[in-house]
Enquirer: 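Dropping the structure in here first, questions after.
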Amino acid sequence: MAQSRSLAIPYGAPVLAVSFLACVATGLELSVNNHAADFTLTTELGPAISLSCLVHNSSQAEELLWYRGEGQVSLKDGNKVNISNVCISPVNESDNGVTFTCKLARDKSVQVSVVLDVQFPPRLSGEETLHVEEEKDVTLTCNSKSNPQAQSTWLKDNQNLTLQQSRHELYQTSEIFRLSIRKVHKSDNGTYSCVLESPLGNGRRDFHLIVEDKKPVFPTEAVIAAVVVVTLTLLFGVVAQKDKIFKVW
């Protein structure tokens, strides 16, 4: 009598099977504009740019998702399966540094990101007239951003400003360029220019500083003291003459 034999299954076989399936699933790859890894896209202001995400090594229809930063991008139904496109139009300054990410819907760990490097020159122009009293402080501020970041220079009457450590203070960030002058003198009269220079262009803003004569300080405390003295004198006088005043009445 023949005995049936059961095929022995190794203990680790189920684990191996799961691992194999995981390998098949993760064999899917994405590319954005032919880049299979994260990358930076350098562009300029204005013209629209298109990002195209494509699924590779897929044997079935795969849904794709797009994100702008942390927010999901709304896609039309015909723009979700195996290939998906997003268009940024027009490209503006607020798009600089923004990350767009294409993800596989059923496995969001499969993804490719692109960071926009939007380059633009400083946008700075115009002029302003400032009146300040002698011995007062004044601050001149230029607000402008650019990419790459511009280099700033301060001029006075079209000449490089000679900075005095005790009186001048400079403050600079990626968007703010500030010159402060402590206790202005008549010699500080003139035109101050904030000049920004970058490889893509330059910007300039002029400040016409007019230092006015110091106004005399009104002696408020002395006047108040005098009013108090006069009031008390009159009051004491009335008290001293109260008997005569009552007799008259």
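Heavy atoms only: backbone and side chains are in, while hydrogens, waters and symmetry mates are out. Position 1 is the first residue of the sequence; numbering continues from there.
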Enquirer: Kindly work out whether a path of hydrophobic side-chain contacts (I/L/V/M/F/W/Y, heavy atoms less than 4.5 Å apart) joins Tyr67 to Phe100.
Expert: no
Enquirer: For the residue pair Leu28 and Asp107, establish whether any side-chain heavy-atom pair is separated by less than 4.5 Å.
Expert: no
Enquirer: Report whether Ile210 and Val184 are members of the same hydrophobic cluster (ILVMFWY, side-chain heavy atoms less than 4.5 Å apart, transitive linking).
Expert: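 No.
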Enquirer: For a side-chain contact (heavy atoms from CB on, under 4.5 Å) check, start with the C-alpha distance between Ile83 and Ser52, then their side-chain angles and the critical distance, and finish with the verdict.
Expert: CA-CA 7 Å; Ile83 185 171; Ser52 180; 4.0 Å; yes
Enquirer: To the nearest 0.5 Å, what is the distance between CG on Leu75 and CD on Glu63?
Expert: 8.5 Å
Enquirer: I'd like to check Cys194 versus Trp154 (side-chain heavy atoms, cut-off strictly below 4.5 Å). Are they in contact?
Expert: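 Side-chain contact under 4.5 Å: yes.
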Enquirer: Who passes salt bridge (Lys or Arg N to Asp or Glu O under 4.0 Å) against Asp157, sequence neighbours left out?
Expert: none
Enquirer: Go through it in stages, so that I can follow the logic: the residues are Leu200 and Ser146, the test is side-chain contact (heavy atoms from CB on, under 4.5 Å), and I'd like the CA-CA distance, side-chain angles, deciding distance and then a yes or no.
Expert: CA-CA 9 Å; Leu200 300 180; Ser146 61; over 6 Å; no
Enquirer: Among Leu161, Val195, Thr191, Asp206, which one satisfies side-chain contact (heavy atoms from CB on, under 4.5 Å) with Leu155?
Expert: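 Testing Leu155 for a side-chain contact (heavy atoms from CB on, under 4.5 Å) against Leu161, Val195, Thr191, Asp206 leaves exactly one candidate, Val195.
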Enquirer: Check the hydrophobic clustering (I, L, V, M, F, W, Y; side-chain heavy atoms under 4.5 Å; chains of links allowed) and say if Leu124 and Ile176 are grouped together.
Expert: no
Enquirer: Are Val86 and Leu54 joined in one hydrophobic group, where the rule is that I, L, V, M, F, W and Y side chains link up if heavy atoms are under 4.5 Å apart?
Expert: no
Enquirer: Work out which heavy atom in Leu51 is nearest to a heavy atom in Ile88; give both atom names and the distance.
Expert: CD1-CD1, 4.0 Å
Enquirer: Could you check Glu169 against Leu163 for side-chain contact (heavy atoms from CB on, under 4.5 Å), going step by step and ending with a plain yes or no?
Expert: CA-CA 8 Å; Glu169 181 179 354; Leu163 298 176; over 6 Å; no
Enquirer: Using atom types as modelled and distance alone, determine if a side-chain donor or acceptor of Asn82 lies under 3.5 Å from a backbone N or O of Val55.
Expert: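 Judged by distance alone, no pair lies under 3.5 Å.
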Enquirer: Is a side-chain donor or acceptor of Asn189 paired with a backbone partner of Val211 at a separation under 3.5 angstrom?
Expert: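 Yes; judged by distance alone, with no hydrogens or angles, the pair exists.
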Enquirer: Cys142 and Arg205: which non-hydrogen atoms are nearest, and at how many Å?
Expert: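 Shortest heavy-atom separation between Cys142 and Arg205 comes out as SG-CB, 4.2 Å.
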Enquirer: Output the distance between atom CG (Leu170) and atom CG (Leu179), rounded to the nearest 0.5 Å.
Expert: 6.0 Å
Enquirer: Can you confirm whether Ile181 sits close enough to Arg167 that some side-chain heavy atom of one is under 4.5 Å from a side-chain heavy atom of the other?
Expert: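 Heavy-atom side-chain distance check passes, below 4.5 Å.
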Enquirer: Is the shortest heavy-atom distance from the side chain of Leu64 to the side chain of Lys80 under 4.5 Å?
Expert: no
Enquirer: For Leu45 versus Val118, what's the shortest heavy-atom pair and its separation?
Expert: CD2-CG1, 3.6 Å
Enquirer: Is any side-chain heavy atom of Thr101 closer than 4.5 Å to one of Val112?
Expert: no
Enquirer: For atom CD of Glu70, is the number of surrounding heavy atoms from other residues, nucleotides or ligands below 6.0 Å larger than 12?
Expert: no
Enquirer: If every non-hydrogen atom of Asn33 is compared with every non-hydrogen atom of Ser50, which pair is closest and at what distance?
Expert: ND2-O, 3.2 Å
Enquirer: How many angstroms lie between OG in Ser74 and CH2 in Trp66, if you round to the nearest 0.5 Å?
Expert: 14.5 Å
Enquirer: May I ask you to say whether Arg106 pairs ionically with Glu62, meaning some side-chain N is under 4.0 Å from a carboxylate O?
Expert: yes
Enquirer: Does anything in residues 37-49 pair up under side-chain hydrogen bond (donor to acceptor under 3.5 Å, both in side chains), and if so which pairs, sequence neighbours excluded?
Expert: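 Sorted pair list: Thr42-Asp117.
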Enquirer: Check the pair Asn143, Glu175 against side-chain contact (heavy atoms from CB on, under 4.5 Å), reporting the backbone distance first and the verdict last.
Expert: CA-CA 6 Å; Asn143 294 306; Glu175 300 181 15; over 6 Å; no
Enquirer: Do Val32 and Leu41 make a side-chain contact, defined as non-hydrogen atoms from C-beta onward lying under 4.5 Å apart?
Expert: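 Of all side-chain heavy-atom pairs linking Leu41 with Val32, none is under 4.5 Å.
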Enquirer: Restricting to salt bridge (Lys or Arg N to Asp or Glu O under 4.0 Å), what partner residues turn up for Arg178, sequence neighbours left out?
Expert: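 Salt bridge (Lys or Arg N to Asp or Glu O under 4.0 Å) check on Arg178 returns nothing, list empty.
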Enquirer: Measure the shortest side-chain to side-chain distance between Leu196 and Asn202 over non-hydrogen atoms and say whether it is less than 4.5 angstrom.
Expert: no
Enquirer: Distance from Glu29 atom CD to Ser58 atom OG, nearest 0.5 Å?
Expert: 12.0 Å
Enquirer: Return a table of donor-acceptor pairs under 3.5 angstrom between the side chains of residues 132-139 and protein atoms on other chains or two or more places apart.
Expert:
| unit_1 | atom_1 | unit_2 | atom_2 | d |
| --- | --- | --- | --- | --- |
| Glu133 | OE2 | Lys215 | N | 3.0 |
| Asp137 | OD1 | Lys183 | N | 2.7 |
| Thr139 | OG1 | Ser180 | OG | 3.2 |

Enquirer: Check salt bridge (Lys or Arg N to Asp or Glu O under 4.0 Å) between Lys76 and all other residues, then give those that pass, not counting sequence neighbours.
Expert: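 In terms of salt bridge (Lys or Arg N to Asp or Glu O under 4.0 Å), with neighbours along the sequence ignored, Lys76 is linked to no residue.
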Enquirer: Between CG of Asp188 and CD of Gln164, what distance do you get to the nearest 0.5 Å?
Expert: 7.5 Å
Enquirer: Sort and list the pairs that fulfil ring pair (Phe, Tyr, Trp, His ring centres under 6.0 Å) and have at least one residue in residues 163-204, not counting sequence neighbours.
Expert: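 Pairs touching residues 163-204 that pass the test: none.
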Enquirer: So how far is it from Arg204 CZ to Ser144 OG, rounded to the nearest 0.5 Å?
Expert: 14.5 Å
Enquirer: Of the non-hydrogen atoms in Ser187 and Lys156, which two are nearest, and what is the gap between them?
Expert: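 Minimum heavy-atom contact is O-NZ, 2.7 Å.
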Enquirer: Is it the case that over 12 heavy atoms from other parts of the model lie below 6.0 angstrom from the CD atom of Gln172?
Expert: yes
Enquirer: Any link between Ile49 and Val73 through a network of hydrophobic side chains (Ile, Leu, Val, Met, Phe, Trp, Tyr) touching at under 4.5 Å?
Expert: yes
Enquirer: What's the shortest heavy-atom distance between Pro90 and Asp95, and which atoms?
Expert: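 Here Pro90 and Asp95 meet closest at O-OD2, 3.9 Å.
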